[in-house]
2 protein chains.
Amino acid sequence: MINLKVKSLERSPSLPEEIVASLTGALHKGELRPGDRLPSETALANEFGVARTVVREAISQLKYDGVVQSRVGVGAFIAQPQERTAFRISPACFQKRRELLKLLRLRNGVVIEVAADAAVARSNRDIVRMEAILKQMREAISDRERGAERHFEAERQLIHTIAKVADNEHALNFIMLIDGQIAEKLRSVAVKNTKATELATVAIEEQARLVEAIKRGDPAAARDKAREHYDNAAQRLADRADLADV
Amino acid sequence: MINLKVKSLERSPSLPEEIVASLTGALHKGELRPGDRLPSETALANEFGVARTVVREAISQLKYDGVVQSRVGVGAFIAQPQERTAFRISPACFQKRRELLKLLRLRNGVVIEVAADAAVARSNRDIVRMEAILKQMREAISDRERGAERHFEAERQLIHTIAKVADNEHALNFIMLIDGQIAEKLRSVAVKNTKATELATVAIEEQARLVEAIKRGDPAAARDKAREHYDNAAQRLADRADLADV
DNA sequence: ACTATCAGGTTGTCAGACAGGTTGCCGACA
DNA sequence: TGTCGGCAACCTGTCTGACAACCTGATAGT
């Protein structure tokens, strides 16, 4: 009777997490608006039936994002939207096809910019590294077992390399955030794509053209090729049947 | 003796904030690496000379970002970079010219994408709204007193409108995050620009061309015009003398 | 009418406690 | 010697109560 944690993946949310979700939900539904004062910590503790320490942990998370600000002796208030200090995405967005496409549009905008920068800043060693990654992609095609996984990983490596070549750490962080969440979601659903290999071949050639443009040191071409590949890749991803239609 | 809170702006950081800063600093310097186990909460409390609740609030913030993960009975661990769930920027980045330019490149990549989307999704009412914002910009020029401020606000409005037209809430959030932080920094330094009005005139015409492209429903042109304006604006901002050179 | 004072509420921090969970050691047993 | 069971130590998550610093609004006194 080996249950090997099918259940443990859907980990039970902690108490502070639930309170954060409740508060952000109220904020999103408009029940809580910028400038409003939150109930006092003791009041919230009573309302949720938890200790004040739990409420404090929840509020401290919201403060960390600049969603609420608190003043000693007065209370905690919902901050103005422009006061936010972090960008974060609800995991639910990665399930809905429309939302996923919008997120990918964001990501691709960033990727395209750094691709152009990379075309300016690239060194010979960078080119060697990128071409090695392309080679890994090509090899992954013939791996019937873990080919998709290896290809996915190589794509990730290529973007990371491009961002590093462009010397833009923030872009790398941003791209990794979105890619990480997408990968998380893809892992949790069945990863089956009948036309995988032929799509992969197309994708690799697109990326090869991108690397070529970077190698030539042509920012405009790099932009074009990056747009071509990553917009296509976004569409291919969104076309997958395992995403909910909304 | 009216001191009107010159000091209170540089608010003293709270204890949990300091611990977060210390831990993220250690992470950034490589003293703490993904997979490492953090000292236990009591150990950290002793080390920092604070109560465990303070340490817990700090760690709860890091958990919220997916920077650390904790397991009952075991401890707290530094998560893998791809496990992050939030994008956040150190305020220091907005002071250094190089970093600021990189952040603006990010932002502009996103803006350019949504501008193209807006050119597809725009309605007549959207156009009216955008042209009204352009008009406000032109009027702001003759306001010698608060002209710069009004112009800045109108620019912000235009971007927000474009993002809303493109129906991309995430892009709006992302742009607002970066703009908000930049505005925060600009407010704290002297805002003086001798050539302000002539630069503003140029900027307004750039944006007018962008709105025109959106009005025509031409995504490619919208992209070009958006790139032209926002790249120029980034350069103009970075040219300001009140930024540290690094 | 104006001002000084004060009581009550609120956040920030501290100290201690306990439940539930995990790890690793250590001894019993085969 | 090798294996297994149990136990002690430790860790996180939560709860409780307390106190200092602070702000607000009412109250009382002038």
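No hydrogens, no waters, no symmetry mates; every other heavy atom, side chains included, goes into these values. Computed from a predicted structure; not experimentally measured. Reminder, nothing fancy here: chain letters follow the sequence lines and each chain counts from 1.
Annotation: of the two residues near DNA chain D, V72(A) and S14(A), the 5′-most nearest-nucleotide partner is S14(A). Along DNA chain C, the nucleotide nearest V74(B) and the nucleotide nearest T53(B) are compared for position; the residue whose nucleotide lies closer to the 5' end is T53(B).
Among the atoms of the strands shown, only primed sugar atoms or phosphate atoms (P, OP1, OP2) are found under 4.0 Å from some heavy atom of R71(B). S40(B) comes within 4.0 angstrom of sugar-phosphate atoms only, judged by non-hydrogen atoms across all strands, and of no base.
Residue N168(B) holds its CG atom at 8.5 Å from CG of L172(B), rounded to the nearest 0.5 Å.
When distances are taken from the side chain of V54(A) to each of dC14(C), dG12(C), dC15(D), the shortest belongs to dC15(D). Which of dT13(C), dC15(D), dG13(D) sits closest to the side chain of V50(A) comes down to dC15(D). Here dC11(D) is the nucleotide among dT11(C), dC11(D), dC14(C) with the atom lying nearest to any side-chain atom of R37(B). The side chain of K63(A) lies closest to dG12(C) when the candidates are dG13(D), dC15(D), dG12(C). Side-chain atoms of E41(B) lie closest to dG13(D) of the nucleotides dG13(D), dG12(C), dC14(C).
R56(B) has its CZ atom 17 Å from the P atom of dA15(C), to the nearest Å. E18(B) has its CD atom 13 Å from the C1' atom of dT13(C), to the nearest Å. Straight-line distance from the CG atom of L15(A) to the P atom of dT12(D): 18 Å, rounded to whole Å. Rounded to an integer number of Å, the gap from Q69(A) CD to dT11(C) P is 14 Å. Between L44(B) atom CG and dC10(D) atom P the separation is 16 Å, expressed in whole Å. One can place CD1 of I59(B) at 12 Å from P of dC11(D), the figure rounded to the nearest angstrom. E57(A) has its CD atom 14 Å from the C1' atom of dG12(C), to the nearest Å. Rounding to whole angstrom units, CD of residue E17(A) and P of dG13(D) are separated by 10 Å.
With Y230(A) as the aromatic partner, R105(A) does not meet the cation-pi criteria of under 6.0 angstrom to the ring centre and within 45 degrees of the ring axis.
Residues L62(A) and V20(A) share a closest heavy-atom pair of CD2-CG1, 4.0 Å.
With hydrogens and angles ignored, a donor-acceptor pair under 3.5 angstrom links the side chain of R52(B) to the base of dT14(D).
The environment of R37(A) atom CZ is dense: over 12 non-hydrogen atoms of other residues, nucleotides or ligands sit within 6.0 angstrom.
Ring pair F174(B)/F87(A) is perpendicular by interplanar angle, where above 60° counts as perpendicular and below 30° as parallel.
Using a 4.0 Å cut-off, no side-chain N or O of S70(B) falls inside it from OP1 or OP2 of dC11(D).
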